[in-house]
Each structure stands twice: as C-alpha cells, then as structure tokens.
Student: 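Dropping a structure here in structure tokens format, bear with me for questions.
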Amino acid sequence: MEKKISEVLHSIDNGEYTIPEFQRGYVWNSKQVKDFFRSLFLGYPSGSFLIWKTKDPSKIRGSAPETNSVFHQLILDGQQRLTTIYTIFRGKTPDWYEGVSLRTDLYFNLETEEFEYFMQKKMSNNPEWINVSDFLSNGGVSTFITHIQSLDNNTKNYYLNKIVTLNKLGAIQDYGYYIKEITISELDKVVEIFNLVNKTGTTLNESDLALAIITSNWPESKDRFREASVEFAKYNYDFSFRNYTRLLNIFTTERGKYSDEISTITPEDFEESWKEINKILSYLINILRDKAYIDSSDSFSSLYVFYVLGYYLKKNGGQFKSEEEANKAIYWMFTSLLWGRFSGSSESFLEKDINAIKEHNTIDALIEEMHLFRGTNLYLRPEDITMQGVRSRIYNLFYSSVRAQNAKDWTNPVLSLYSKSVGYNNKLERHHIFPKAFLYKKYNSGNSIHKALVNEIANIAFITQKSNMEILDGDPAEYLPKINTEQLRKQFVPTDSTLYSLENYESFLDQRRKKLTDGINNFLKSFYKDNSKDVINQDLQHYDQEIERIEISLRNIISDKLELACELDAYQELVPDHIKIKVDGRIKNWLGKNSGEDKNQFLGLRRRMDFFDMQEYKDVIISKPAYPSFEEVFGSKGTLEVRFNQIAELRNSIRHSRDITDATIKDGEAAILWFTSIIRPYMKKMEVLEDNE
C-alpha cells in the first residue's frame with residue numbers, strides 16, 4: 001500500500017498511527033533533518049514505513065487515541081521520519097513525541113534550493129529564505145500566493161518568478177511512501193522485527209535494544225523512569241532512560257555488558273529491582289551532596305560510576321557499611337572520573353569493576369583496579385594541569401575541592417560559593433584571575449598555545465556574578481591585593497603579589513598549578529590516603545586509542561597546513577627527503593602485498609601520511625620550510641619535541657609489548673593531555689568550516 005505524505009499526516013491526526021512504548025524516543029540531529037527534507041524535495045527514495053496492525057497492542061506512548069477501528073496501527077519502522085514530517089508540516093510535535101529537541105525553524109533557499117536552520121544575520125529580511133514549516137503548514141503555494149499580495153512589488157515579483165521552485169517545495173506533500181503492514185500477535189516477535197529493521201537506520205545501540213526488550217516484558221518501565229526523572233530533577237540530578245536501562249540490566253543480570261539474559265527477566269523481577277534502584281540512587285545522591293560537595297549530575301564526566309557504586313550497594317543491603325567505606329568509595333569515584341576510567345572502552349571497564357565486586361565485595365578491590373588502570377600514583381601532578389581548560393576532567397574535582405574549603409565570594413565574603421545559589425547576582429561563575437582581555441595585550445588569541453595558557457584551569461577561580469561584574473577586566477596587580485588572603489588561599493591562589501603582573505603571568509601559572517594540585521590531592525586524601533603501591537599499569541588499551549585519535553588529527557592538520565603553504569605539490573616541496581624515501585618504500589611494499597589497489601590513491605599528501613610514523617610527524621612540523629605554518633598551532637619547537645618524544649615512547653612501548661615504566665606512562669599521559677588541548681581548538685574550527693560549506 002502506498003500513501004502520500006498528506007494522507008499519512010491525516011492518519012496521524014485521526015489517531016490511526018501510534019508508537020509502541022518499547023520504541024526509543026526521537027534521536028535525529030539537525031543535519032539528518034536537513035538531509036531528509038532535501039531528499040523529499042528532490043524526490044529521492046527515503047525508505048518505507050513498517051506498521052504493526054494488532055487488536056491487542058502493547059503499551060503505547062502518549063494518550064490513547066479515540067478510534068472506531070478494532071485494529072491499532074503501531075509504527076515499528078519510520079518513527080524518526082514520521083515525527084520529522086509531522087512536526088515540520090504541522091508546526092508542532094505529534095502526541096507520541098519524546099527525545100531530543102526538534103526545531104521547527106527549518107528554512108529553504110529559493111536560489112540554492114538548500115535547507116538550513118534559521119540564522120538571524122543570514123536570513124532575516126531576506127526573501128530568498130522562507131520558513132518551511134510556515135509554508136507547508138499554512139497550505140503551501142496557494143496560501144503563500146495570497147500572502148505575498150500584501151508585499152511590495154519587488155518582493156512579490158521575486159516570489160512569482162520563483163513559482164516553479166515553490167510548487168516543487170509544496171509538492172513534498174504528494175511524496176509517496178510504501179507502507180508495509182504486519183499482523184503478528186506475539187509481542188516478542190514484533191520486538192525482534194523492530195530491532196532488526198532499526199539496525200539499518202540511525203544506529204541503535206545496545207541500550208536502545210535492551211530498553212525495547214525491557215519495555216515489552218515490563219510495559220510500565222518508561223512510566224517508572226519518567227516519574228523518577230521528575231523526582232531526581234528536583235535535586236539537580238538528570239538521569240536518562242539509558243542510565244535506568246543500564247542499572248536495570250546490572251541489577252537483574254549482574255552483568256556490566258548487555259546480554260540476552262535481559263530478555264528472560266520477569267516483570268516482577270524488573271519491578272523489584274527498580275524499587276531497589278530508586279532507593280539506592282536517592283541514598284547515593286544524598287551521600288555525594290553531603291560528603292563530596294557534588295551539586296548535580298553535571299559534575300560527572302561519566303555516570304558509569306553510579307552503575308558501579310549502585311551495584312556495590314545492592315550487594316551490601318543498600319548502604320555503605322561505615323563512614324570509612326563511604327569515604328573510600330568517594331575516593332574511588334573521584335579518581336575514576338579524574339583519570340577517565342570510563343572515557344573509552346567503558347563497557348569493558350564496567351564489567352571488570354562488576355566482577356571485582358562479585359569476587360571481593362570491597363571498595364579496596366575497585367581501588368586496586370584503578371591502580372591496574374593507571375599505575376602507582378592516582379594523585380595529580382602540576383604537569384597534569386598544564387594547558388588544561390574547563391572541559392578537562394580535572395575541572396569538576398577542582399570545584400568540589402574549593403567547596404570543601406568553605407570558600408567565600410571575593411567581594412562579598414559572607415556568601416558561600418555554590419553553583420545552585422538563588423538569585424541572579426549570586427549565580428556562581430568561572431572567573432579568569434588574569435582577565436582574558438588583559439592577557440591578550442601580551443598573547444595572541446589566534447594562537448592555540450596562547451589561548452590554552454589564557455584559559456587554563458590554573459587561571460580560573462569561582463566567584464559570584466556580581467563579583468565578576470565588579471572585577472571585569474581589572475588588572476590583577478590592582479584588584480587581587482584587595483581580596484582577603486584567606487579566601488585566595490581557599491581557592492589555591494598564590495598570595496605573592498609580585499606574581500600578579502602581566503610579565504609574570506607564566507610564573508603565576510607555575511605557582512598556581514602547584515597549589516592547585518596540592519589542594520586537590522589533599523581533598524582526595526581527606527577521603528582516603530592511598531599508600532602508593534608498586535603497581536604497573538596493565539590496562540593500556542585506552543591510551544592506545546587516545547594516541548590513535550591524536551595521530552589521525554595530526555595527519556589532518558599537517559596535510560591541511562602543508563597544502564596551503566605549497567606552490568604545487570606539498571609532499572615534494574615540504575616533506576624532508578629522508579622521510580620521503582622511507583614513506584615511498586612503505587607504500588611500495590604495501591602495494592606489493594595489495595596488488596589490486598590503485599596506486600593513484602597515493603598522489604595526494606593526506607593518503608601518504610597514513611604511512612608516516614610519530615617521529616616523522618614531528619620532523620615534518622619542525623623542518624625549516626614547514627615550521628612557520630605550524631608555529632601558531634604548536635608553539636615552541638623545544639616543547640613540541642619533548643611532547644612528541646613522550647607520546648612516541650608510550651605508543652611504541654604499547655604496540656611492541658615492551659616493559660613500561662610508571663614514568664613512561666605518566667609522561668605519555670601528560671603528552672596526550674597536551675596534544676589534546678592543542679589539537680581540540682583547531683579540529684573544532686575545521687568542523688565549523690565544514691558545517692558551513
């Protein structure tokens with residue numbers, strides 16, 4: 001059966017099509033919406049809809065429609081497209097909608113025939129751009145022609161000259177979709193079909209599939225989740241359906257990873273585990289707010305720590321055995337977040353932690369896993385903070401450490417620093433101790449190194465909005481001596497006024513890093529004094545993954561910069577001869593082993609760079625003809641060479657299975673942080689440029 005979009009919309013309005021509760025929510029991003037509407041406009045194929053026709057539906061999402069039909073028609077495949085179509089055509093979301101935000105300000109350019117979301121400067125008062133939702137929801141071309149009669153002659157004539165394009169846009173309502181109906185009565189078969197067909201669209205992860213299974217076995221699940229989310233939000237904790245799904249999986253199957261076992265759990269077991277999860281999350285939130293100075297879920301770079309601690313509490317009657325044990329758990333949590341235990345291969349490390357609890361049932365076992373993950377020392381060093389900004393994993397621990405000092409506002413020391421303070425003036429803000437405008441008198445805002453130095457955590461303090469407005473871009477040498485020295489100390493700020501001049505900024509950073517790391521380490525030690533053991537890191541894969549990302553980014557940066565700097569051929573002109581000899585040999589060997597490959601793919605520099613090693617990246621960058629192109633990105637050659645040597649040593653030790661010392665790991669990690677902070681702004685800039693093309 002085929003239906004036009006206009007007919008499908010009518011069916012949704014009449015309540016004929018609904019969504020089963022086991023479906024995930026809306027997940028499309030703005031690019032997917034734009035690409036989808038472009039496909040509709042051009043008449044390109046965009047799939048079909050799969051409808052489950054049943055007399056006895058599972059729980060549906062949204063309000064139950066009033067219909068005379070004995071059958072219910074539930075959408076198994078096509079929810080993302082149908083939700084998008086309905087929202088743009090009707091100017092509002094359908095009754096079943098939940099998920100990420102879906103904007104209705106999609107615009108169409110009558111000249112380029114491109115779809116974009118509204119941008120004030122680009123589109124306001126520009127007749128080339130029309131609001132797609134307004135155009136379609138108000139009746140298309142016929143209504144639009146009536147509307148333009150009131151416009152000035154030039155604008156009216158412009159639109160009349162574009163009538164063919166306008167008709168083509170309005171014709172989207174006649175776009176035809178094939179609709180396949182199935183009438184299977186067994187719910188598990190329906191869920192299986194849903195899982196299979198959705199794997200070919202916007203990728204479902206295992207959490208989405210697990211939630212579909214849970215919802216089919218326990219239809220009340222999402223209602224329970226929604227109720228809990230409303231309650232936890234009152235205390236500034238935002239848990240998603242995926243968080244609840246993972247916790248249910250852990251509590252019912254005792255596995256960190258998802259498995260088929262989730263499909264065997266009864267509704268009664270789900271209900272019982274859910275009650276336990278609710279109690280444990282409430283208990284944990286209270287512990288963390290009271291003892292760890294954590295105000296909200298925003299303070300967590302990963303909520304995986306909740307899964308581990310939640311499971312531990314489940315195994316121990318829902319609470320910690322003592323205050324000492326609670327403190328150890330907080331120490332483990334902070335070090336896990338600080339060193340990114342769950343930032344990569346998160347499921348594998350979750351499984352290891354769950355197994356450690358099963359085997360030993362102690363927080364000590366979790367701390368031991370952290371030593372195996374990172375090595376002997378879990379405390380911070382000053383070099384770990386160097387060039388790290390507020391997006392660093394260190395930032396949230398820094399905030400908690402300051403809160404633990406009972407630090408006060410700088411211009412109103414009666415007021416404690418708290419991110420959830422009431423009142424506009426009392427709002428907590430990040431303050432550059434050396435203001436950015438002040439520093440950019442000396443530093444170049446277009447230079448990645450300089451920008452990282454200006455925005456480093458060691459230049460950040462917490463004050464209220466009112467204080468921030470009073471200080472603004474003031475000279476630190478003038479305003480810092482007026483601040484109570486005790487309040488400076490509580491935020492680990494040096495009190496030596498000779499450091500407050502612009503010329504001494506980097507000396508100030510050196511001293512602040514030391515005080516900051518000492519302050520954070522003392523905060524960690526207040527929970528647990530970890531007597532460093534002679535343990536060598538054994539879980540090295542996460543480092544290898546981070547290095548791989550850095551290598552790929554370096555290839556992109558080097559090839560882009562050299563292509564801009566060359567006259568004709570970047571490889572021949574700007575790559576040192578000794579590197580070209582080695583790389584040409586590697587490519588020749590590769591082609592010999594892959595005889596079917598086209599050698600022309602290696603004409604460009606970027607593809608050749610896949611055969612460079614880490615030291616050769618460095619040699620290209622610091623070579624005399626090329627370095628001027630890279631100086632603004634990487635700064636001094638000396639620092640760059642040190643960081644390259646550190647990361648290369650760790651990389652080669654991992655990939656060649658050499659014995660690795662603790663010093664190699666720590667130096668390599670410092671280099672990873674350094675490269676990440678340097679590369680991130682450049683890569684972000686490139687992403688913006690690509691999005692605007």
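Residues take their numbers from the sequence shown, with the count starting at 1.
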Student: Counting only N and O atoms by type, is there a donor-acceptor contact under 3.5 Å from the side chain of N316 to the main-chain atoms of K321?
Tutor: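 Absent.
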Student: Restricting to non-hydrogen atoms, name the atom on L288 and the atom on M333 that form the minimum distance, rounded to 0.1 Å.
Tutor: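 Smallest heavy-atom distance, with atoms named: CD2-SD, 3.6 Å.
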Student: Check L313 against Q319 and note the closest heavy-atom contact, atom names and distance.
Tutor: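 Residues L313 and Q319, closest heavy atoms: CD2-C, 3.4 Å.
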Student: What I'd like to find out is whether the side chain of E486 reaches to under 4.5 Å of the side chain of K408, using heavy atoms alone.
Tutor: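 No, their side chains stay 4.5 Å or more apart.
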Student: Please tell me whether Y235 and N286 have a donor and an acceptor in their side chains that are separated by less than 3.5 angstrom.
Tutor: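 Result is no, nothing qualifies.
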Student: Do the side chain of S400 and the main chain of L397 share a donor and acceptor less than 3.5 angstrom apart?
Tutor: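 Side chain of S400 to backbone of L397, a donor-acceptor pair under 3.5 Å: no, none is there.
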Student: Between the side chains of E98 and Y26, is a donor N or O closer than 3.5 angstrom to an acceptor N or O?
Tutor: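 The answer is no; no qualifying pair exists.
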Student: Give a yes or no on whether E548 atom CD has more than 12 heavy-atom contacts from other residues, nucleotides or ligands under 6.0 Å away.
Tutor: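 Counting other residues, nucleotides and ligands, CD of E548 exceeds 12 neighbours.
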Student: Check whether W339 reaches the backbone of L378 with its side chain - one donor and one acceptor, N or O, closer than 3.5 Å.
Tutor: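 Indeed, once roles are kept as given, a pair shorter than 3.5 Å links the two residues.
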Student: Please check if any side-chain donor atom of T252 sits under 3.5 Å from a side-chain acceptor atom of D269, or the reverse.
Tutor: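 Result is no, nothing qualifies.
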Student: May I ask you to decide if the ring planes of Y244 and F232 are parallel, tilted or perpendicular, using 30° and 60° as cut-offs?
Tutor: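 Answer is tilted, since the angle falls between 30° and 60°.
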Student: Does NZ belonging to K525 count more than 12 external heavy atoms closer than 6.0 Å?
Tutor: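 Counting other residues, nucleotides and ligands, NZ of K525 exceeds 12 neighbours.
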Student: Hey, are the side chains of F251 and I280 touching, using non-hydrogen atoms and a 4.5 Å cut-off?
Tutor: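 Yes, close enough: below the 4.5 Å cut-off.
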Student: Quick check: closest heavy atoms across I550 and T676, and the distance to 0.1 Å?
Tutor: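 In this case the closest contact between I550 and T676 is CD1-OG1, 4.0 Å.
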Student: Using 4.0 Å as the upper bound for N to carboxylate O, is an ion pair formed by R341 and D353?
Tutor: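 Answer for the salt bridge query: yes.
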Student: Can you check whether S348's main-chain N or O pairs, donor with acceptor, with E351's side chain at less than 3.5 Å?
Tutor: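 Flag not set: sc E351 to bb S348 has no pair under 3.5 Å.
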Student: Just wondering, do K222 and L211 contact through their side chains at under 4.5 Å, heavy atoms?
Tutor: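 Side-chain contact under 4.5 Å: yes.
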Student: So, taking the atom named CG in L102 and the one named OH in Y86, what distance separates them when rounded to the nearest 0.5 Å?
Tutor: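 Nearest 0.5 Å value for the CG-OH distance: 13.0 Å.
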Student: Taking the side chain as everything from C-beta on, heavy atoms only, tell me whether E383 gets closer than 4.5 Å to W674.
Tutor: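 The answer is no, as the side chains (C-beta and beyond) never meet within the 4.5 Å cut-off.
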Student: Are any of the side-chain nitrogens in D518 or K515 under 4.0 Å away from the carboxylate oxygens of its partner?
Tutor: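 So D518 does not pair with K515 through a salt bridge.
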Student: For the pair S299 and N396, evaluate side chain to side chain donor-acceptor pair (under 3.5 Å) and give the outcome as yes or no after the intermediate values.
Tutor: CA-CA 6 Å; S299 296; N396 290 320; 4.5 Å; no
Student: Where the side chain of R246 meets the backbone of G256, is there a donor-acceptor pair that is under 3.5 Å apart?
Tutor: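 At least one qualifying donor-acceptor pair exists.
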Student: Give the minimum heavy-atom separation between R393 and S343, together with the two atoms involved.
Tutor: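 Smallest interatomic distance, heavy atoms only, reads NH1-OG, 4.1 Å.
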Student: Will you find, in the side chains of Y311 and E254, an N or O donor that is under 3.5 Å from an N or O acceptor?
Tutor: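 There is such a pair between these side chains.
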Student: Hey, are the side chains of S467 and T464 touching, using non-hydrogen atoms and a 4.5 Å cut-off?
Tutor: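 In contact.
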Student: Side chain to side chain contact (heavy atoms under 4.5 Å, CB included), that's the test. Do I357 and L366 meet it? Break it down for me.
Tutor: CA-CA 7 Å; I357 293 170; L366 295 177; 4.0 Å; yes
Student: If we count only N and O atoms by modelled type, under 3.5 Å, do the side chains of K291 and N327 hold a donor and an acceptor together?
Tutor: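 Yes, because at least one side-chain N or O of K291 sits under 3.5 Å from a partner of the opposite role on N327.
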Student: Return yes if a side-chain donor-acceptor contact under 3.5 Å exists between Y312 and E325, otherwise no.
Tutor: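 A pair is found: one side chain offers a donor N or O, the other an acceptor, under 3.5 Å apart.
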Student: Treating E271 as the side-chain partner and E220 as the backbone partner, does any N or O pair qualify as donor plus acceptor under 3.5 Å?
Tutor: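 Side chain of E271 to backbone of E220, a donor-acceptor pair under 3.5 Å: no, none is there.
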Student: For the pair N412 (side chain) and D409 (backbone), establish whether a donor and an acceptor sit closer than 3.5 Å, ignoring hydrogens and angles.
Tutor: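 A pair under 3.5 Å: no.
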Student: Look at the rings of Y237 and F239 and say which category their plane angle falls in: under 30° parallel, 30 to 60° tilted, over 60° perpendicular.
Tutor: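 Ring orientation, 0 to 90° scale: tilted.
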Student: Taking the side chain from S221 and the backbone from W218, do they hold a donor-acceptor pair closer than 3.5 Å?
Tutor: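 Indeed, once roles are kept as given, a pair shorter than 3.5 Å links the two residues.
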Student: Once rounded to the nearest 0.5 Å, what's the spacing between atom CD1 of I672 and atom CD1 of I547?
Tutor: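 The distance works out to 4.5 Å.
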Student: Hey, which of W332, F349, F342 is the one that makes ring-ring contact (aromatic ring centres under 6.0 Å, His included) with F373?
Tutor: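 With F373 as partner, ring-ring contact (aromatic ring centres under 6.0 Å, His included) holds for just one option, F349.
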Student: Kindly indicate whether the side chain of K257, heavy atoms from C-beta on, has any atom under 4.5 Å from the side chain of L350.
Tutor: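 When only atoms from C-beta onward are counted, L350 and K257 do not touch, as no gap falls below 4.5 Å.
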Student: Testing the 3.5 Å rule here: is there a donor-acceptor pair between the side chains of H431 and N468?
Tutor: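 Yes - a donor-acceptor pair under 3.5 Å links their side chains.
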Student: Run the ring-centre check on F462 versus F398 and record whether the distance is less than 6.0 Å.
Tutor: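 Yes.
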Student: Answer yes if the side chains of D238 and S297 hold a donor-acceptor pair under 3.5 Å, and no otherwise.
Tutor: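 Looking only at side-chain atoms, S297 and D238 do not form any donor-acceptor pair under 3.5 Å.
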Student: Can you see which heavy atom on S273 is nearest to which on L248, and at what distance?
Tutor: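 Looking at all heavy atoms of both residues, the shortest contact is CB-CD2, 4.0 Å.
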Student: Looking at R513 and I385, would you say the former's side chain and the latter's main chain have a donor-acceptor pair under 3.5 Å?
Tutor: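 Such a contact is absent between R513 side chain and I385 backbone.
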Student: Does either side chain, that of N243 or that of Y307, offer a donor lying less than 3.5 Å from an acceptor on the other one?
Tutor: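 Yes, a side-chain donor-acceptor pair sits under 3.5 Å.
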Student: Does D295 come within less than 4.0 Å of R403, counting only side-chain N to carboxylate O?
Tutor: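 Result for this pair is yes, salt bridge flagged.
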Student: Would you give the length of the straight line joining atom CG of L524 to atom CG of L338, rounded to the nearest 0.5 angstrom?
Tutor: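 Between L524 CG and L338 CG, I get 7.0 Å after rounding to 0.5 Å.
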Student: Would a distance-only check, ignoring hydrogens and angles, find a side-chain to backbone donor-acceptor pair under 3.5 Å from N521 to T517?
Tutor: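 Flag set: sc N521 to bb T517 pair under 3.5 Å.
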Student: Between R374 and E369, is there a salt bridge with N-O shorter than 4.0 Å?
Tutor: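 No.
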Student: Evaluate the side chain to side chain contact (heavy atoms under 4.5 Å, CB included) criterion for residues Y528 and I330: first the C-alpha distance (whole Å), next the side-chain angles of each, then the deciding distance (0.1 Å), finally the verdict.
Tutor: CA-CA 9 Å; Y528 176 62; I330 292 171; over 6 Å; no
Student: Within the 3.5 Å criterion, strictly below it, is a donor on T83 or W96 matched to an acceptor on the partner's side chain?
Tutor: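 Yes - a donor-acceptor pair under 3.5 Å links their side chains.
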Student: Can you tell me how far the CZ atom of R103 sits from the OG atom of S30, to the nearest 0.5 Å?
Tutor: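 Answer rounded to 0.5 Å: 7.0 Å.
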Student: Does any non-hydrogen side-chain atom of R430 lie less than 4.5 Å from one of V390?
Tutor: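 They are in side-chain contact.
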Student: Do R224 and W274 form a cation-pi contact, if we require the NZ or CZ to be under 6.0 Å from the six-membered ring centre and within 45 degrees of the ring's axis?
Tutor: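 Judged by the rule (NZ or CZ under 6.0 Å from the ring centre, within 45° of its axis), R224 is not positioned above W274.
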Student: If you measure from OG on S677 to CG on N455, what distance do you get to the nearest 0.5 Å?
Tutor: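 Reported to 0.5 Å precision, the distance equals 11.0 Å.
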Student: Once the angle between the rings of F523 and Y293 is folded into 0 to 90°, is it parallel (under 30°), tilted (30 to 60°) or perpendicular (over 60°)?
Tutor: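 Aromatic pair F523/Y293 classed tilted.
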Student: What are the two closest non-hydrogen atoms of F492 and Q405, and how far apart are they?
Tutor: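 That closest heavy-atom pairing would be CZ-CG, 4.0 Å.
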Student: Taking the side chain as C-beta and beyond, is there a heavy-atom pair between T411 and I463 under 4.5 Å?
Tutor: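 No, side chains not in contact.
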Student: Does the side chain of T335 come under 3.5 Å of the side chain of Y379 through a donor N or O and an acceptor N or O?
Tutor: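 There is no such pair between these side chains.
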Student: With rounding to the nearest 0.5 Å, note down the distance linking CD1 in I214 to CD1 in I265.
Tutor: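 That separation rounds to 9.0 Å.
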Student: Apply side chain to side chain contact (heavy atoms under 4.5 Å, CB included) to Q388 and L673, showing your working.
Tutor: CA-CA 7 Å; Q388 297 305 299; L673 291 171; 3.4 Å; yes
Student: For E669 and Y543, run side chain to side chain contact (heavy atoms under 4.5 Å, CB included): C-alpha distance rounded to whole Å, both residues' side-chain angles, the deciding distance at 0.1 Å, then the answer.
Tutor: CA-CA 8 Å; E669 188 171 65; Y543 290 124; 3.1 Å; yes
